[in-house]
A.B. asks: 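Here it is, the structure in full.
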Amino acid sequence: SITWGHGVENPEKDVYPKLLSLSADNLAIRATGPAVPALCLKSMVDKANPDAVYDVVFLEFFHRTLLQNDVDSFTMTAQRIRTRYPDALIIFIRDWNPTDIG
């Protein structure tokens, strides 16, 4: 994903989360659907910054989120984020490209 840093010259500074804040924790995983974060959210957050309290959480997944298994995993991920960070704003980013319309 672009958030992960694919095709980005400087992934430590030029990815979407770091453009918003250089102190952002970027937990993006290349080329996975929502199942991995649904199962591993706690260990992912603990590894990045166990004491962090997030005000905003961005979730980015590509079109696979239309598949039922991925919808279920995405829902689980969002619920776990809401439980861990009850006051955080959760923003879902769905990538779109003009070629998607045919």
A.B. asks: Quick check: closest heavy atoms across D25 and A52, and the distance to 0.1 Å?
C.D. replies: OD2-CB, 4.2 Å
A.B. asks: Any link between Y54 and F74 through a network of hydrophobic side chains (Ile, Leu, Val, Met, Phe, Trp, Tyr) touching at under 4.5 Å?
C.D. replies: yes
A.B. asks: Looking at every heavy atom in both C40 and S43, which two are closest together, and how far apart are they?
C.D. replies: O-OG, 3.0 Å
A.B. asks: Would you say V56 and F58 make side-chain contact, with heavy atoms under 4.5 Å?
C.D. replies: yes
A.B. asks: Are I90 and V45 grouped together when hydrophobic residues (ILVMFWY) are joined by side-chain heavy atoms under 4.5 angstrom apart?
C.D. replies: yes
A.B. asks: What residue pairs, at least two apart or across chains, pass side chain to side chain donor-acceptor pair (under 3.5 Å) with a residue in residues 80-92?
C.D. replies: D46-R84
A.B. asks: What residues form a side chain to side chain contact (heavy atoms under 4.5 Å, CB included) with S21, not counting sequence neighbours?
C.D. replies: S23, A24
A.B. asks: Could you work out, with side chain to side chain contact (heavy atoms under 4.5 Å, CB included) as the rule, every residue matching T77, not counting sequence neighbours?
C.D. replies: P37, A38, L59, I81
A.B. asks: Going by side chain to side chain contact (heavy atoms under 4.5 Å, CB included), name the residues that satisfy it together with D51, two or more places apart in sequence or in a different chain.
C.D. replies: N49
A.B. asks: If the condition is side chain to side chain contact (heavy atoms under 4.5 Å, CB included), which residues does L22 pass it with, not counting sequence neighbours?
C.D. replies: K13, K18
